[in-house]
Amino acid sequence: MIKQKNADKQQNFFADVYEVVKLIPKGRVTSYGAIAHYLGAKSGARMVGWAMHGCPKNVPAHRVVNSQGLLTGKVHFNPPSAMGAKLKKEGVRVAKDKVQLFAEIFWDPSKEL
DNA sequence: AATCTGACGGGCA
DNA sequence: GTGCCCGCCAGAT
C-alpha cells in the first residue's frame, strides 16, 4: 500500500479522515471537501477520496459523497448498489446514486464536530 | 525519470 | 446557466 516513508504524513490524514467518517451520525452524510477542509487541506478533496480507496470495513464510506451529494464512489463498493442501499436503509433518501435533501442531512465535521 | 490518472472542489471563460 | 480548466497529494504505469 502506501510508502512507509511518507506514511507518517498520510497516516495522520487517513486516521483523521477515517475517524471523522466513523463519527458521521446515522442517517447523515458528508462530503470529501468538507473532510478535507476540516483536516486543513481544503483543496485536498481528491486526497480524501483516495484515502477512502483503502477504507477499512469499520469506515462507513457510503456516508461520504461528493459536494453534489452524488454517490460518485459507489462503483468502488461491493456491490456498487450497496452504497445507496445502505444509505437508504439508514434513513437517507437516495435516488439514482444521488442523496436527496443533501443540505439537510449534510454533516460538517468542522461545524458539528 | 516523466506523465497521467484519480471515490473532488472551486474558480473562471 | 453551462462548460472547461486548474489546483491538491499520492500512486500507478
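In what follows, chains carry the letters A, B, and so on, assigned in the order in which the sequence lines appear, proteins first and then strands, with residues in each chain numbered from 1. Below, all heavy atoms of this structure are taken into account, side chains as well, without hydrogens, waters or symmetry copies.
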Item to complete: Indicate the atoms forming the closest heavy-atom contact of A:Ser67 with A:Phe102, along with that distance.
Response: O-CE2, 3.4 Å

Worksheet item: Which one of A:Met52, A:Lys89, A:Lys74, A:Glu90 satisfies the side chain to side chain contact (heavy atoms under 4.5 Å, CB included) criterion with A:His62?
Response: A:Glu90

Worksheet item: Are any of the side-chain heavy atoms of A:Val20 and A:Trp107 separated by less than 4.5 Å?
Response: yes

Worksheet item: Taking CZ from A:Phe13 and C1' from C:dG11, how many angstroms apart are they, rounded to a whole number?
Response: 15 Å

Worksheet item: Do you know which two heavy atoms are closest between A:Ala45 and A:Ala36, and how far apart they sit?
Response: N-CB, 3.7 Å

Worksheet item: A:Met47 near the nucleic acid: base, sugar-phosphate alone, or nothing, with a heavy-atom cut-off under 4.0 Å?
Response: sugar-phosphate

Worksheet, complete the sentence: Span of DNA chain B engaged by chain A, first through last nucleotide within the 4.0 Å heavy-atom cut-off, is B:dG6 to B:dG9

Discussion item. Taking C:dC5 as the reference, what is the distance to B:dT5 when you measure between their P atoms (whole Å, please)?
Written reply: 13 Å

Discussion item. For A:Leu70 versus A:Lys96, what's the shortest heavy-atom pair and its separation?
Written reply: CD1-O, 4.5 Å

Worksheet item: Hey, does A:Ala61 reach any base, or is it just sugar-phosphate, or nothing, if we go heavy atoms under 4.0 Å?
Response: base

Discussion item. Using atom C1' in both nucleotides, what's the gap between C:dG3 and B:dA7 to the nearest angstrom?
Written reply: 22 Å

Discussion item. Let's see if you get this right: which residues in residues 96-113 of chain A place a heavy atom under 4.0 Å from DNA chain B?
Written reply: none

Worksheet item: Rounding to the closest angstrom, what is the interatomic distance between B:dA1 and C:dC8 at atom C1'?
Response: 22 Å

Item to complete: Grab the two heavy atoms, one from A:Leu71 and one from A:Gly84, that are nearest each other, plus how far apart they are.
Response: CD1-CA, 3.9 Å

Worksheet item: How close do A:Phe106 and A:Thr30 get, heavy atom to heavy atom, and via which atoms?
Response: CE1-CA, 3.8 Å

Worksheet item: Does A:Phe14 have its ring centroid less than 6.0 Å away from the ring centroid of A:Trp50?
Response: yes

Worksheet item: Rounded to whole angstroms, how far apart are CG on A:Leu39 and P on C:dA10?
Response: 13 Å

